[in-house]
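Written below as structure tokens is the structure these notes are about.
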Amino acid sequence: MSTPTPIRGATPQTALPYTEQFERLKAGLPGSGLDWVDALREGGASAFAVNGFPTVKNEAWRYTNLRPLEKVVFEPAEPRSDAPGFDVLPTVRAAGTSATRLVFVDGRFRHDLSSAAGLPNGVEVAGLADRLAGDPDWIAGRLGRLVDVDANPLAALNTAFLGDGAVLRIGRGVEVAEPIELVYVTLGREDRATVFHPRTLIVAEPMSRAVVVEHHVGYGSGVTLANHVVEVDVAEGATLHHYKVQRESGTAFHLSHGAVRIGKDACYDSFILTVGARLSRNEVRAELAGTGGTCRLNGAYMVRGQQHVDTSTFIDHAQPHCGSREVYKGAIDDSARAVFQGKILVRRGAQKTDGHQLNRALLLSDTAEIDSKPELEIYADDVKCSHGATAGELADEQLFYLRARGIPKDEARGLLIGAFLAEAIEEIPEDTVRENFQALVAGWLAAR
Amino acid sequence: MSGTQETVDQVRAVTEQSYKYGFTTDIEADLAPKGLNEDIVRFISAKKEEPEWLLEWRLKAFRAWQAMEEPRYWAKLSYPPIDYQDAHYYAAPKTSNRPKSLDEVDPELLRTYEKLGIPLREQEILAGVEGTETKMPAIAVDAVFDSVSVATTFKAKLEEMGIIFCSISEAVREHPDLVRQYLGTVVPYTDNFYATLNCAVFTDGSFVYVPKGVRCPMELSTYFRINQANTGQFERTLIIADEGAYVSYLEGCTAPKRDENQLHAAVVELVALDNATIKYSTVQNWYPGNEDGVGGIYNFVTKRGACRGVNSKISWTQVETGSAITWKYPSCILQGDNSVGEFYSVAITNNRQQADTGTKMIHIGKNTKSTIVSKGISAGRSNNTYRGLVKILPKADGARNHTQCDSLLIGDQCGAHTVPYIESRNRSARVEHEATTAKISEDQLFYCRQRGLDPEDAVSLIVNGFCKEVLKELPMEFAVEAQKLVGISLEGSVG
Amino acid sequence: MLEIKNLHATVDGKEILKGIDLTIGSGEVHAIMGPNGSGKSTLSYVLAGREGYEVTEGSVTYNGMDLLTLEPEERAAEGVFLAFQYPVEIPGVANTTFLKYALNAMRKRRGEPELDALQFLKLIREKTKALNMSDDMLKRAVNVGFSGGEKKRNETLQMAVLQPRFAILDETDSGLDIDALRIVADGVNALRGADRSMLVITHYQRLLEYIVPDRVHVLAHGRIQRSGGKELALELEEKGYREFGVDEAA
């Protein structure tokens with residue numbers, strides 16, 4: 001709607017280092033030489049060259065200023081075989097049980113740390129680079145299909161450099177009981193700022209069912225930029241539960257563009273928990289592309305210090321009889337700032353749409369800030385849509401009640417913040433994931 | 001009991017002609033040549049015998065405007081480019097002198113206002129007769145016809161209390177210090193494209209000053225009428241409520257049916273000092289264009305009130321049923337501690353109308369409160385957008401906002417959109433926003449018809465119910481007209 | 001008063017009424033009993049003229065008129081009143097406003113003078129008293145926030161004010177406790193008269209203890225299966241609808 005008209009031929013100054021990197025590196029990227037891969041990358045590179053980094057004049061970015069990111073030239077992360085700084089990889093599984101887990105370090109798939117134990121037949125998991133090198137045909141036509149690089153500059157940048165990441169294929173009718181875990185570890189380097197562009201492709205074929213958990217963790221104190229793109233295709237009658245927890249280090253920039261297509265009678269259920277990074281943005285664009293589809297985008301964020309967290313979602317009701325639910329809750333402390341932009345579009349003819357959205361933010365300090373922009377754009381009359389947004393601090397009465405029962409002030413506050421966030425997290429049906437996320441909330445509260 | 005039944009009665013009374021204010025008045029007019037340049041700005045200023053400072057201010061605005069870009073992207077509106085050179089920026093009924101009383105006003109003009117349902121003369125006469133029901137009249141009217149104010153009723157009566165109610169041109173002549181002290185202090189001349197244009201070329205409008213401690217005993221009202229073809233209307237209204245004062249002000253608007261689009265770019269500034277209250281109500285019924293979207297008014301209006309004093313209050317109520325395009329965000333700057341801002345809005349779009357309207361509530365002072373209730377009704381092939389900003393600044397301890405936005409869609413070819421911006425930088429502030437969207441259900445329609453209502457009356461009744469929270473904020477005299485309009489503006493929207 | 005002949009009706013292409021024959025004379029009260037899904041509510045909607053209920057065969061003659069050609073509001077003006085099983089909520093529209101408008105719309109259609117505010121107020125005061133309704137209920141928006149009992153009392157009030165010639169009571173007893181049922185039934189009985197007919201639709205016999213019908217019909221599978229006097233209702237209470245090929249726990 002408010003995308004500025006691109007001016008051809010004038011690459012913004014801050015985009016130049018990346019267009020140069022692209023020219024320098026493109027021949028060596030995985031899958032280079034495959035026509036469709038080259039075309040995809042060139043398309044991404046030229047879209048980014050035209051638009052550069054989005055500015056606050058771009059309505060979709062009005063509350064998230066990428067100036068601090070533009071001031072640094074990020075170098076592409078190099079492959080590494082070490083894994084310093086961590087010894088236990090995050091998981092939602094109980095210790096000792098076998099796991100399907102793909103591990104990526106600075107954006108590269110690591111065979112040595114990954115395992116695909118216990119997967120049923122009909123499920124394929126692989127690193128994208130391996131897939132491009134060995135068996136590219138299946139991903140051709142699927143990769144890049146859901147992402148509009150012209151409208152999303154960072155997704156364009158990712159597409160230019162796409163090389164590694166995860167590819168998941170849940171075969172027709174297959175049900176995977178155990179969560180498939182994707183672990184993205186950011187290590188970075190002390191001596192320079194590094195960037196990587198992981199690309200994740202998840203295809204849930206008709207009538208399949210799976211649970212995917214993404215962990216994003218950071219170690220070290222180098223400046224890093226993780227520029228993710230996640231493409232998710234939930235085909236007819238399939239169900240995908242997709243969870244993400246982001247706890248990168250305080251020097252990290254974490255940007256993620258999710259593009260989700262939900263087919264007829266399919267269900268996409270997601271939850272994003274954000275704790276980490278100096279600046280993070282989770283952008284999800286979900287299209288309800290068949291009748292009877294269901295989309296749930298839930299999440300929670302907890303930020304402090306100078307952190308900036310941006311949640312920008314767009315739910316596109318393109319077909320009738322679909323439902324969408326969105327509940328986001330956040331706690332903002334110190335001088336942190338949170339942004340929530342959530343748009344529901346109901347297209348002409350998408351009758352019987354049922355779309356609801358809620359964002360509630362707790363401001364915990366005098367210098368915290370929340371900017372919220374829920375949005376409805378509706379072109380069909382027989383629909384039920386609503387959104388709600390609140391901002392404020394803990395209710396005085398509740399706090400007083402707890403203190404009157406002898407609970408010290410700080411503890412009472414912790415209890416109430418925990419209860420506030422728990423309301424969102426309790427929506428997660430998978431016990432293991434829910435408990436894991438609850439523990440992370442408790443950890444964040446304990447560090448207050 | 002509300003006036004809803006009257007609504008429906010009146011809807012029934014209206015037959016095939018849905019826009020009944022579409023006539024033109026044949027009156028000789030004084031027109032500036034088409035086009036916009038510094039000479040035109042000087043021409044307008046000279047016509048109004050303005051002091052030098054005001055001409056300078058206009059020129060500064062004009063120069064600023066030339067460097068500005070028309071805001072064409074962020075609002076959900078689409079229209080062909082406007083040729084700002086292809087309009088007259090000054091049109092006035094030709095009269096030899098400024099009328100001192102209604103006796104001197106051109107009878108043709110008085111007849112026009114009578115047709116519009118505003119009998120200026122009758123009002124004064126009635127009020128002057130002993131033994132009539134009300135000694136104090138309910139409404140005083142300032143009638144603005146194209147670029148000039150043609151009559152203001154009950155001035156003398158108000159003057160006794162120290163209340164100034166006159167055209168802004170007259171205020172510039174008679175009360176220059178007050179005008180100079182406040183003009184442009186709420187909406188500066190650099191504010192936005194349309195407001196800046198208005199600063200350069202505004203022709204007339206109303207001026208109100210209510211002195212300390214005075215409660216204005218009657219509704220003050222301005223009735224705006226665009227008559228002349230190929231003109232823009234740029235009125236400017238300034239209302240000041242001094243400490244402890246109260247005033248309720250109403251504004252009504254109509255225009256003839258014409259095939260070309262006419263531009264209306266008004267600016268309204270309100271200033272409320274300590275403990276003062278201003279209630280500002282609008283029933284906007286500019287010509288909306290025909291069913292195919294030909295003609296109609298482009299309504300680009302900047303309305304803003306400053307609650308400067310402690311405990312001050314500004315309340316906007318609007319019923320927007322007219323105009324081809326509405327771009328309007330009556331706002332409150334809540335500077336004074338404990339000040340209160342309110343925005344109650346009904347916006348109805350039908351056929352090809354487009355409305356992008358809402359409010360801004362800027363909380364600066366402590367314990368400031370704001371309430372927003374917006375009811376949008378879309379029918380035909382129209383688009384109706386609520387766009388609003390609630391901004392809580394760091395010092396606004398204890399600020400409160402509650403926003404309720406409801407949309408009603410009639411038919412499957414229209415659009416209803418809600419775009420709120422909520423920015424809070426104070427933890428003790430509490431902001432709540434809720435928006436819903438709904439349709440008139442088959443059940444409701446059938447229930448009403450089973451009880452004997454025909455479908456159009458049923459829709460009118462249901463929509464009036466939907467808007468009730470807002471309509472009840474209107475002064476009595478306006479509420480009836482507004483309810484009637486709700487029904488009329490939705491005619492033809494149900495099959 | 002009302003003569004239904006071989007009435008067939010479909011909803012969404014599915015035939016629900018499969019040939020109803022029913023004659024109701026002036027001043028008579030008939031009851032239609034039947035299991036869930038037998039077509040009871042469909043019959044009431046067809047008689048009131050709801051869209052989406054398509055008559056494919058048969059006729060309905062009402063006081064000599066072809067009822068099926070009339071719009072819903074025209075039927076209302078002719079004195080057809082449907083007391084809804086689920087009365088509809090209309091937010092923001094006060095109960096009295098709604099009633100006054102409905103009454104005057106009908107009076108106007110019939111060429112009768114409209115009531116002014118005072119006359120109307122007097123009328124409504126009198127009617128509400130009989131139904132034990134509070135002023136508060138009159139001021140509230142139509143059916144919004146009403147309990148089940150309040151809604152049904154409100155329907156009865158509307159009937160009392162509008163004075164129909166033919167009233168259809170669609171499951172008026174559903175959702176009512178015994179006290180509320182008694183109030184509603186008293187209200188309905190007060191309206192019985194030589195020139196007013198009624199069709200009482202119900203699943204249970206309970207309501208018919210209070211509104212005693214002249215005739216009882218059993219509707220099942222889209223047809224009237226049996227007709228009889230008021231004792232038929234008791235028989236059904238005892239035996240259920242099994243005899244008509246319907247198996248359900250009563």
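Order of the sequence lines fixes the chain letters, A, B, ..., with proteins taken first and strands second; residue numbering starts at 1 for each chain.
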- Query: So, for A:Pro374 and B:Pro420, which heavy atoms are closest and what is the spacing to 0.1 Å?
  - Reply: O-CD, 2.6 Å
- Query: Side chain, backbone, both or neither: which part of B:Asp412 has an atom under 4.5 Å from a heavy atom of chain A?
  - Reply: both
- Quick one: what part of A:Gln351 sits under 4.5 Å from any heavy atom of chain B, side chain, backbone, both or neither? side chain
- Query: Between A:Arg348 (side chain) and B:Cys414 (backbone), is there a donor-acceptor pair under 3.5 Å?
  - Reply: yes
- Message: Counting only heavy atoms from other residues, nucleotides and ligands, does the tally under 6.0 Å from OH of A:Tyr401 exceed 12?
- Response: no
- Task: Look up atom OH in A:Tyr379 and atom NE2 in B:His417, then write down how far apart they are to the nearest 0.5 Å.
- Result: 3.5 Å
- With the side chain counted from C-beta on, respond yes when A:Lys373 and B:Val419 share a heavy-atom pair under 4.5 Å apart, and no when they do not. yes
- Task: To the nearest 0.5 Å, tell me how far B:Ser428 OG sits from A:Asp396 CG.
- Result: 9.5 Å
- Message: Rounded at 0.5 Å granularity, tell me how far OG1 in B:Thr437 sits from CG in A:Leu376.
- Response: 7.0 Å
- Task: Examine whether an atom of B:Pro394 lies under 4.5 Å from a heavy atom of chain A, and if so say whether it belongs to the side chain, the backbone or both; otherwise answer neither.
- Result: neither
- Heavy-atom pair with the smallest gap, counting every atom of B:Ser424 and A:Asp371: N-OD1, 4.4 Å
- Candidate pair A:Tyr63 and B:Glu423, rule side chain to side chain donor-acceptor pair (under 3.5 Å), full reasoning: CA-CA 10 Å; A:Tyr63 293 120; B:Glu423 304 174 6; 2.4 Å; yes
- Item | Region of B:Asn383 in contact with chain A, defined by heavy-atom distances below 4.5 Å | side chain
- Residue, of B:Ala399, B:Ser378, B:Gly411, that accumulates the most heavy atom pairs under 4.5 Å with chain A: B:Gly411
- Query: Hey, what do you get for NE2 (A:His387) to SG (B:Cys405), rounding to the nearest 0.5 Å?
  - Reply: 6.0 Å
- Task: Among A:Ser386, A:Gly355, A:Gly349, A:Cys385, single out the residue with the greatest number of heavy-atom pairs under 4.5 Å to chain B.
- Result: A:Cys385
- Side chain, backbone, both or neither of B:Ala435 within contact of chain A (heavy atoms, under 4.5 Å): both
- Are more than 12 heavy atoms from other residues, nucleotides or ligands located less than 6.0 Å from atom CD of B:Glu291? no
- Item | Minimum heavy-atom distance between A:Asp381 and B:Leu409, given as atom pair plus value | CB-CB, 3.6 Å
- Message: Checking the side chain of B:Arg427 only, and the main-chain atoms of A:Leu364 only, is there a donor and an acceptor separated by less than 3.5 Å?
- Response: yes
- Note on the structure: If you tally heavy-atom pairs under 4.5 Å between each of A:Ala368, A:Ser372, A:Gly388, A:Ala380 and chain B, the highest tally belongs to A:Ser372
- In Å, rounded to the nearest 0.5 Å, how long is the span from CZ of A:Arg62 to CH2 of B:Trp74? 10.0 Å
- Is it true that atom NZ of B:Lys439 has more than 12 heavy atoms of other residues, nucleotides or ligands lying nearer than 6.0 Å? yes
- So does A:Glu377 pair up with B:Lys76, basic N to acidic O under 4.0 Å? yes
- Item | Straight-line distance of B:Asn426 CG to A:Thr367 OG1, nearest 0.5 Å | 10.5 Å
